[in-house]
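To find a chain, count down the sequence lines: A is the first, B the second, and so on, and within it residues start at 1.
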Amino acid sequence: MAISTVDLQAAAGEAAPSPRPAKRQKFRFISNGKTLAGLIILGFYVLLAIFGPILSPYDPDARGSDLISPPTSAHWFGTTHLGQDIFSQVLSGARGVVYVGLLAGVVATVLAVIIGVSSGYLANSGGEALSALSNVFLVIPALPLIIIVASILPSVSNTVIGLVIGLTSWAWGARVLRAQTLSLRGRDYVDAAKATGESTWRIIFFELLPNLTAVIASGFVGTVIFAVLSEITLAFIGVSDPTDWNWGTILFWAQSQQALAQGAWWWFVPAGLAIAILGTALSLLNFGIDEIVNPRLRSAGRIKGKTVRMRIGFTPVLGKDNR
Amino acid sequence: MTDKTGEVVLEVDGLSKHFPVRRKGRELLTRKARSVHAVDDVSLTLRRGRVTAMVGESGSGKSTVARLLAQLHKPTSGEIRLHGKPVDTRGGRRFRSYVRQVQMIFQDPFGSLNPVHTVRYHLSRSLRIHGNTGGNLEEALRELLTRVQLTPPERYIDKFPHELSGGQRQRVAIARALGANPEALLADEPVSMLDVSIRLGVLNLLRDLKERLNLAILYITHDIASARYFADETLVMYAGRVVEGGDSETVTQNPAHPYTQLLIDSAPDPDRPARADEVGGEPPSLIRPPAGCRFNPRCPHVMERCKTDLPPRLEIGDTPGHWAACWLYAEGVAKPAPVATGEAAG
Amino acid sequence: GGGSTAKGNADGVLKVGMPNGPQTDNNNPFLSSSAGASLGYRRMIFEPLTMWNSAKPADKAKPWLATDWSWSADYKTLNLTTRDNVKWSDGQAFSADDVAYTFNLLKSTPALNNNGIKFGDITASGTNKLTVTFPTPQFVNQVKILSDIPIVAKHQWSSISDPATDPVKQPVGTGPYTLKSFTPQTVTLDVRDSYWQDLPKVKEIQYTSYTDNNAQTTALATGACEWSFVFIPNYKAVYTSKDPAHYQIYFPPSLGVHGLWFNTTKAPYDDPTLRQAISMVINRDDIFNQGEAGYFYPAVTSPTGIPTPAGESFIAPDYKGQTVKVDVAGAKAKLTAAGYTYDGNTLKDKTGKPVTLNLSDPAGWSDYQTDLEIIKDNVSKIGITATVDKANQDTWTKDIDTGTFDSAMHWTDSGATPYQMFASIMDGALYKPVGTPGVNGNYGRFQNQQATDALNTYVNATDDATRATALNQIQKIMVEQQPMIPTSAANVGGEYSTKNWVGWPSTSDEYAPGQPTLINAEDIVLHLRPAS
Amino acid sequence: MIEPLIEIKSLNVDYGLGDEAVHAVRDVTLTLHRGEVLGLAGESGSGKSTLAYGMTRLLPPPGVVAGGEVIYHDPERGPYDVLSLTNSELREFRWAETSIVFQGAMNSLNPVHRIGSQLTDAIKAHDPRGSRQAREARARELLNLVGIPGDRMESYPHQLSGGMRQRVMIGMALALEPKVVIMDEPTTALDVVMQRQILGELVQLRERLGFSVLFITHDLSLLVEFSDRIAIMYGGRIVEQAPAKQIYTDSLHPYSAGLLGSFPALRGPKRELTGIPGSPPDLRAMPTGCAFHPRCPKSFEPCAQEIPVLGVPDAPGGSDRTVACWLHPVR
Amino acid sequence: MSYLLKRIAFYIFTAWAAITINFFVPRLIPGDPVQALISKERGQLNADAVHSLYVLFGLDKQQPLWQQYLDYWGQLLHGDLGLSFTFFPSPVSEVISSSLPWTLALVGITTVCSFLLGTGLGVLAGWRRGSWVDLVLPVTTFLSSVPYFWFGLIMIELLAGPDSIFPSSGGYDPGVTPGWDIDFIGSAVQHSLLPALTILISSMSGWILSMRNMMVTVSSEDYITVAHAKGLSDRRVMLGYAARNALLPNVSGFALSLGLIVGGTLLVEIVFSYPGVGFQLFQAVGAKDYPLMQGIFLIITLSVLAANFIADLAYLVLDPRTRKEG
Ligand SMILES: Nc1ncnc2c1ncn2[C@@H]1O[C@H](COP(=O)(O)OP(=O)(O)OP(=O)(O)O)[C@@H](O)[C@H]1O
Ligand SMILES: Nc1ncnc2c1ncn2[C@@H]1O[C@H](COP(=O)(O)OP(=O)(O)OP(=O)(O)O)[C@@H](O)[C@H]1O
Ligand SMILES: [Mg+2]
Ligand SMILES: [Mg+2]
Ligand code: NI
């Protein structure tokens, strides 16, 4: 044959105008309005978690003379039956909720990913054992277990609560991830990675995991919400950090004093809404993962004043209206 | 470096792979498990510095052989030997040391690249795992891409697979396998989506590697002409079995097995007018493969014996090492002269 | 009138509710776990020997199945005359034999003997005479024996193989009602036609079990339920204001208290002065109004801890008419006099350590929690830093049981005399060292021989004077040693509506306590008349 | 080859919008006549697939059709522009009028549906009234047509070899007997026997049904053998277009010539293969003038200055060919 | 065949492990049933009753834990779940069977509805990404992040009342007796409306979210484009291709939630005074009613395992690629 690779490379060397390297904006997903909104809300919560106790106008424990008073300029969210300032309680309570929610969410998600994906990918007895483990954890009811752990430990700090919730709530995610992994592990690119010589954990974390982002993300959002709700339920039945306020404690008081029946909506509503908005922020954040789970959506954009809606199967034709 | 050309790198004997077919409904009762006989009793040898081409029918088990050799399937039976030692790939480390020496290029570049990773990731992994970065990863990446003519490298390095054309993906897959710097390369239709000029470049690259680095290559292809040009030895597969083997020039110019003859004959040739009438018969079902020679239902020279007995490898005798699994070449059968290439067949 | 409840009156239906969750079909009158006990309907089917009014514990009980009864002076022998002409709901005649059988049943089946009564010989003579002996004096237990034991039919129970685990699906009693239908949520009773007294006006009673306090409260507020016993925070807003003319609460105290207990083995709470000082700053009114919603556990005002007016007659002459008042200055003076010092606002004990207080109670008990919040605030006035620990209920129970707590709101037993309450507080016989589980009283691990002796004297005395002296002695110890700080009285109250039925007990007519699960419930139902 | 069936008029297809856009197909004008097989060859990455998907509006994001027209000459309704159809019209148009075999055929089968149902559902979508048996029979017939035993109807895609999946896709494309079949490298995984057999069937069918084929492949010998006309793409543009035999024997554009010099022959003596030196142009930074000029052995002065237009060359060989090269000034 | 045996062994092992853990774990909680009962009554029960209760519950004889464990298995293998403490002396089986139907009906139906609705909306949200359907997600997450009881109470406050068609508590009207008659069923359905609505609204977002994300993941797969190319209707592509392929995680989640139905939903049952298992379990935990706890755990265990098995089968049916070869 006439030409050799050497020729080819030589020819390549003199390749015409050097193109600029394809640049990729790292944080492009922020440009998504919804994600941005979610980030801002979440950031706000994190700020609250850090500075809330400092910002609160009153000591959340301090009793005042206005009992069950509706919102006033002195007490923005009104007061409790002990005359405590609910606004201060909400501010001070943010830390516990955000911390426990995120801690539990992260712990549960990490465990679910490690155990779920491994049990799906490993075809050996190790995989079976992990799958059995997640079955067992699925069966163990979390609530009693949390009560038990809390009652065995001398003090229940937020960290303990977060960890316990996290450690007991991963099994669901693990099962779901396992299912999806079972379907992914036969893909060519997994085989290809294996054939390239990737180690098992590397395949799990770098080949399978990114393709499971969708499931993981929804699992994470779900777990954080679940963790926050569990924390509140726990505060309800008596497991909470005694030195700290959290929204669960507020609701506990509101509920045990039958705030709604008393007409003291201000006692009941803010904490519940705060929790709900936290959940909403997470779901807004979830919109940002679209481009990670599906790289094809990554470059889709809109430009030149007009929005061009990219639609699979119906390529937009510029300048023509195909609606 | 001493010339080790010809030394056996990878060797298989009597390799078989049967895929179970799910039984349904009534069959559940009849207890007989069916399976797809994807590969049956395949033996082959890959030697340093030599290219072995494998051509054959679509669905005849070529990819399965490659996957078996890459240890991605467990063989139903048969032994694979690397450097003469039976391969044991249980456990991650042993498996990795195996793949360091034996790399595979997948047939389907649309499936074998992870959609969430960029070209950079795919290639740098393969370089890193096998410690072939040579100190400068960026440089190594550029070189790899240049080798497969994805130039200029900057243009491709940060692309996702879906942003590449079919041929470009295929070249990324090739580059990935080359990055591992293996001793044996299992290339499953590596250039099917490349235009002839780039194909030529890539094949030349492989040839160059084979010559310089003493690479052993299994080259699976449908492009018989390229097998002729590029491979030292050619094997022909039909319905899960290897039916003919020998040096490439002989197999392509003097095919012995009737199936090979059919194959060579069917190869498109712009110098000949198109004939759309000549091929008959259907590929066999691999779930219930025909008894005897699997080609017998379609064979123009079929004999009674072909329908019952499995033909062994029989030497043809025109060039050393040319053999065919066909009763036509058994003792006592009047041998039809191996069909000469070109106009002879009709 | 009007609304969904109008029909109740017309049909003669009374709707009772309790916040106790779904029930199972179990009418065994001795089991506190039975639906009959939980909802209180066992009181309508099974009757006691006498009807004792716990709202006025000192009053003599009304004869019921027993027409006459007398104790020997040492309270070791009881002579009874049972009522004639009483028929079981299955038509058979009631006799002293049935009473003897019931007592024997408790004697031979410890599992059913809820009051732990030690019976001696039980002999029935004739159809209506019975003599029961006891190995120990029963002065303090007389009400339990006469008013708390439901009398069951021998002819039914003698065929029950294991009385402790039998759910008694078809209860046979002497009461005015019989079981009509059972569902986990609602139990319906029907009036029967052959009762030994005048038939009640209430023809049918519906007992509904609501899952929790909130549901129960809602039911009361909407009129879906007419009689219950449930804690309602801010009852005025939530309940009575919904129909001020008819919705009533009636919460007379009984002879038991709730209060702040200390681990008296632990410094500095082992110092009575400190305990007294703390008692002096606790604002019992706030606890009553904010913690107990202004009605639930009535405030205890006597320094002796005896609830008034129920226990008025028992209060020692020295303390008659005295009430506790918040006195921060006095408390401080008392402390400094005893050697405590102040470092700025911080109180330091005699060894110079700052005094801190850990207040713990299960999180679910919101009234106690509120009480603790108030106490925390109160004690800060005398320089004590308190923390409120919303404990896990199980942990807390264990801590109390083994004495590993600092201080907690807790209750005492209650009874017909203040004896039970004081025994709970300071009886040396109930003392268990810290670390040993199984306490049934004296949760503060209080040790005072005088107190134990006085309690013993009270139990074994054969005359009222000895008893009075002993009780006065006990009250003195209570005031001076302050083993625990009583803040609220136990209650025997209830919420009811006069919309359909009138004749309820009330502060102006305290013929019975207000709770639908106590023995007096039957008496109350018998008093009810349709509202015009 | 008198009547045009599809006329592509200065079609431009981009990836991305605005400044970031990559112009993958530029100003392509091409006509597919009734009953003809039009071969499309060209360098890997030159925009063949993009052209095929762009003209059917099947390009996945971020692909956009930036301009041009695709006129379909419907025998019944007269000509209309495919790019202006509404989505529902387009849906009707698809598969019934134009079917397409994707390049990633091996990957274009839904992994969770059996082959059989994937074959039948297109039939069902366009003919909802047909019976199930009829559809299944048709599916079986199609499988046989592409040489797959009928018992594979029940198989899932992953149980088939690469070539078998490709054949399923080919069979599927023929299901509704469309007027145009676009095939993007449909035979990469097929052995030559199968190739010939299937293409043979196709040719027969075409004779019977009169449909046209846009056939994209790298296999020049196959192309020359089976197509009537061949268009060569380079850097997003058509650089030459001529009857098959003419391209083979007498290509005008230096790139075409380079391609033909690169393919190995099966028969006859081994000949030297020349190949084309240099690398494909960057779509983001195209060379000025003729995109091929940096690699062109014959490039001369105007090549770097101005983009040559596709036109009928002023050269021998008849008027039914076009080329875009300064060496061959248009008439 | 051996595959099946292996599966069965696997499930038996899991069941054993779960039951064992569920036996020991509750016993680690400090305290015992009698103490729990006494504390719960807060002075309403005199300390004198303590002894009789120990005798009653059979806790007076000290038995080592392992002996209790063996006895428990002995009982279990005879199909005997023991007597509940809280509802002494009702057999656990009876206690559970009185609440299970309620839970099954309420939670079962709502789980199915919420799955169907949520998945449906998720399909839409994923398919019509970037359109107004995007709003569905934050709105539903907002609703589901609200604590159940909070939401339930607000609903009661807003919707229920003396004259409303929504009763605020209970499983049926106090007046009617359970039975298969119109009155009862009507009343039961009416009572289940609010709780069902609460569960539905609060649990839907999870399904929506995971379905949406999976839809987004698969939406640009080649076979979707092919489906479009085939001219299939948008619905067919969306459901038959995209949703069908995206369904796997949701279906496995659904199977799991079917298994957990028998666990009931504690907070909803509390808020609406619904006579279900969740509340019973809560009570049992509070009262340390070991037999009842074990009984409920056993049922949960069995149904979760059964659900798991169904899930395993569902994968095989839904995604042929998960089938193991060889
Ligand atoms: N999403 C994308 N973003 C940017 N560039 C893209 C994208 N998809 C494809 N391209 C580029 O567009 C060019 C044309 O691609 P196309 O798939 O049409 O090539 P092709 O002619 O079909 O090549 P092949 O023969 O290799 O399949 C290629 O250079 C490719 O890199
Ligand atoms: N996982 C599997 N399960 C069942 N059958 C399979 C499986 N993988 C491959 N087969 C079957 O094995 C046979 C050989 O397949 P293989 O992919 O090796 O063919 P091939 O020679 O590579 O064909 P092609 O040239 O078309 O790629 C085919 O009949 C195929 O259907
Ligand atoms: Mg193959
Ligand atoms: Mg292409
Ligand atoms: Ni050469």
Among [options], who wins on heavy-atom pairs under 4.5 Å with chain A?
options                               : value
B:Arg125, B:Arg67, B:His130           : B:Arg125
B:Asn114, B:Val99, B:Asp108, B:Ile105 : B:Asn114
B:Met104, B:Arg176, B:Arg128          : B:Arg176
B:Ala70, B:Gly179, B:Pro161, B:Pro115 : B:Pro115

[X] side chain to [Y] backbone, donor-acceptor under 3.5 Å:
X        : Y        : answer
A:Asn211 : A:Glu207 : yes
B:Asp188 : B:Phe106 : no
B:Arg120 : B:Ile157 : no

Closest heavy-atom pair and its distance - A:Thr109, A:Ile216: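 The answer is CG2-CG2, 3.7 Å.
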Would you say the ring centers of A:Phe206 and B:His117 fall short of 6.0 Å from each other?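 Centroid separation for A:Phe206 and B:His117: 6.0 Å or greater.
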With a 4.5 angstrom heavy-atom cut-off, could you sort out which part of B:Tyr121 is near chain A: side chain, backbone, both or neither?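 For B:Tyr121, side-chain heavy atoms alone lie under 4.5 Å from chain A.
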Proximity breakdown for B:Leu113 and chain A, heavy-atom pairs closer than 4.5 Å: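 Contact with chain A is through the backbone of B:Leu113 alone.
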Side chains of B:Val191 and B:Tyr219: does their closest heavy-atom pair fall under 4.5 Å?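 Of all side-chain heavy-atom pairs linking B:Tyr219 with B:Val191, at least one is under 4.5 Å.
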Is it the backbone or the side chain of A:Thr200 that comes under 4.5 Å from a heavy atom of chain B, or both, or neither?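 Interface part for A:Thr200: backbone (N, CA, C, O).
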